Amino acid sequence: MTVDAQPVTELPDPADYGFTVVPEEEIPAELASLVERVRSLMDAAAHTEAPPEALAAAADAVAKAEELLQGGRRQTGAMVRYTYPDDSIEYGTLTNGVSGPVNPLAPPLALEKDGAGGVRGEVLLNGLYQGPPGLVHGGWLAALLDQALGTASSVAGMPGLTANLDVNYREPTPLNVPLEISARVTGTERRKVFVSGEIRHGGKVTAEGTALMVRLSLPG
């Protein structure tokens, strides 16, 4: 393929276009703790065999907690700004369903640059992400790969949207164990960015994906 796409040297700041942008380091520790507790609560609710009276008391407690959180609400589409150790910047959606730092539904996945031009991260998926008994749902594996592939394109200076995603499931992926996710850009052609990535458990690839990203037309 013809490699003729040039990375952008600096990503535009979404705040210049009307988006709310929150630096990752300014997310309150109390909010991060709340998100982790709600994620744990979701897992407990999904697997509980508590008696009815305990369920009713828990529902009341959750309702009271919800009231406490109604004081203000961020707009949909708010962004988060990540700063890597090399001072490069990346932007994401604050409530992204796969990697949003304030979204309890999102798996606790943190992707970092791997030093070779790609990204890597580790995640442990509990029973909330179950498909077959004891195994991760294939849809969540595809979502994690899609996120990693898009992030690899972005950190390479070529942010874009997924036009095509192909996932091959090589082995069953178990719950409640550390999973390694990695991705990198493999080629470019005009606005097309080709990326590939894998999910591994114990060094063995359980799922792999390739994607075609179409670069966003960023203001000059």
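Being a predicted model, the structure only gives us computed values, none of them experimental.
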Side chain to side chain contact (heavy atoms under 4.5 Å, CB included) between Val185 and Phe194, intermediate numbers included: CA-CA 6 Å; Val185 173; Phe194 302 91; over 6 Å; no
- request: Tell me, with the steps shown, if Glu171 and Lys204 meet side chain to side chain contact (heavy atoms under 4.5 Å, CB included).
  value: CA-CA 8 Å; Glu171 300 279 348; Lys204 180 181 293 187; 3.7 Å; yes
Using the rule given for side chain to side chain contact (heavy atoms under 4.5 Å, CB included), can you reason through Tyr84 versus Val155, listing the C-alpha separation, both sets of side-chain angles and the distance that settles it, and then say yes or no?
CA-CA 10 Å; Tyr84 290 102; Val155 301; 3.5 Å; yes
- Task: Any chance you could lay out the salt bridge (charged side-chain N to carboxylate O under 4.0 Å, His left out) test for Arg170 and Glu208, step after step, and finish with the verdict?
- Result: CA-CA 8 Å; Arg170 299 300 186 187; Glu208 58 187 7; 2.4 Å; yes
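Within 6.0 Å of CD on Gln70 lie more than 12 heavy atoms contributed by other residues, nucleotides or ligands.
For the residue pair Thr20 and Arg74, no side-chain donor N or O sits within less than 3.5 Å of a side-chain acceptor on the partner.
Using a 4.0 Å cut-off between a side-chain N of Lys or Arg and a carboxylate O of Asp or Glu, Arg37 and Glu30 do not qualify as a salt bridge. Taking the charged nitrogens against the carboxylate oxygens, Glu180 and Arg120 do have a contact shorter than 4.0 Å, which makes a salt bridge. Between Glu189 and Arg191 there is no salt bridge, since no side-chain N of the basic residue sits under 4.0 Å from a carboxylate O of the acidic one.
Partners of Asn168 according to the side-chain hydrogen bond (donor to acceptor under 3.5 Å, both in side chains) rule, which considers only residues two or more places apart in sequence or in another chain, do not exist here. Residues satisfying the side chain to side chain contact (heavy atoms under 4.5 Å, CB included) test with Ile181, not counting sequence neighbours, are Leu109, Val123, Leu144, Ala148, Ile199.
For Ser153 (side chain) and Met158 (main-chain N/O), a donor-acceptor pair under 3.5 Å exists by modelled atom type.
For the pair Val136/Pro174, no side-chain contact is recorded, criterion being any heavy-atom separation below 4.5 Å from C-beta on. Put simply, the side chain of Leu124 reaches to within 4.5 Å of the side chain of Asn176, judged on heavy atoms.
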